[in-house]
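All heavy atoms count here, side chains included; hydrogens, waters and symmetry mates do not.
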Amino acid sequence: MEILRETRQVTGADSAEHWGNVGLPVLSTPTILGTVEVLCDALMKKHLAAGQMTVGVSATMQHHAPVKVGRTIEYEISAPAFARRMEFSFRVLDAAGEAVSVGTHERAVIDVQKFTSRLAD
């Protein structure tokens, strides 16, 4: 099992206000999910062959506590052994080490050309 940790500062672009919840300058759920997707994809990329990429398949999460803009958080992603379809566990921790959010995210390896050919009109 591989664990990736990344520390980030919550910015205005990460906030619930940015997503339309006026008056809530706190870390948003969409930001958490988007960041988790990016980090999980990065863990899988080093195992991919030319012409492959990963796509998100599913996500579950609980968002337990607010974190104000300007505060620091840590993303912790647990990656199982590489496979074509992987389910990651994640936690987002505040500066005190308390869980702000926890969940899972599943990604699958695809052949880019085959995938995009299905999009033709």
Thinking salt bridges, do Arg107 and Glu37 make one under a 4.0 Å N-O criterion?
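Judged by the 4.0 Å cut-off on N to carboxylate O distance, Arg107 and Glu37 do form a salt bridge.
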Strictly below 4.0 Å, N to O, side chains only: are Glu2 and Lys46 in salt-bridge contact?
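Yes, charged N to carboxylate O under 4.0 Å.
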Closest heavy-atom pair and its distance - [X], [Y]:
X	Y	result
Val112	Gln52	CG2-C, 4.0 Å
Leu93	Val100	C-CG2, 4.1 Å
Val26	Pro66	CG1-CB, 4.0 Å
Gly12	Val69	N-CG1, 3.8 Å
Val67	Arg71	CG1-CB, 3.6 Å
Ile32	Tyr75	CA-OH, 3.7 Å

Atom CD of Gln113 with >12 non-hydrogen neighbours under 6.0 angstrom
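Counting other residues, nucleotides and ligands, CD of Gln113 stays at 12 neighbours or fewer.
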Under a 3.5 Å distance rule, please check whether [X] uses its side chain to pair with a backbone N or O of [Y] as donor and acceptor.
X	Y	answer
Asp111	Lys114	yes
Thr31	Asp14	yes
His105	Ser58	yes

Inter-residue atom distance [X].[atom1] - [Y].[atom2], 0.5 Å rounding:
X	Y	atom1	atom2	result
Met53	Thr116	CE	OG1	9.5 Å
Leu43	Phe82	CG	CZ	11.0 Å
Glu6	Leu39	CD	CG	5.0 Å
Phe88	Ser78	CZ	OG	10.0 Å
Glu74	Arg91	CD	CZ	8.5 Å
Ile110	Arg84	CD1	CZ	9.5 Å

Would you say that Cys40 contacts Ile77 through its side chain, given a criterion of any heavy-atom pair below 4.5 Å between the two side chains?
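The answer is yes; the side chains approach within 4.5 Å.
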Sub-4.5 Å side-chain heavy-atom contact between Val10 and Lys68
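Of all side-chain heavy-atom pairs linking Lys68 with Val10, none is under 4.5 Å.
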Pair Ser101, His63: side-chain N/O donor-acceptor within cut-off below 3.5 Å:
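No - no donor-acceptor pair under 3.5 Å links their side chains.
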Consider only side-chain N and O atoms of Thr104 and Thr60, and report whether a donor and an acceptor are under 3.5 Å apart.
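Their side chains do contain a donor-acceptor pair, which is all the 3.5 Å distance test asks for.
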Pair Leu33-Met61, side-chain contact (heavy atoms from CB on, under 4.5 Å): steps then yes or no:
CA-CA 8 Å; Leu33 287 171; Met61 72 170 281; 3.4 Å; yes
Between Leu48 and Thr54, is the side-chain contact (heavy atoms from CB on, under 4.5 Å) condition met? List the steps.
CA-CA 9 Å; Leu48 301 179; Thr54 73; 3.9 Å; yes
Say whether Val102 and Met86 are linked into one hydrophobic cluster, either directly or through other cluster members, by side-chain heavy-atom distances under 4.5 angstrom.
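No; tracing contacts between hydrophobic side chains, which count when under 4.5 Å, never links both residues.
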I'd like to know if Phe90 and Leu4 are part of one continuous hydrophobic network [Ile/Leu/Val/Met/Phe/Trp/Tyr, side-chain heavy atoms within less than 4.5 Å].
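Leu4 and Phe90: one cluster.
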Starting from the C-alpha separation in whole Å, work towards a yes-or-no answer on side-chain contact (heavy atoms from CB on, under 4.5 Å) for Glu76 and Ile3.
CA-CA 7 Å; Glu76 181 182 276; Ile3 296 179; 3.9 Å; yes
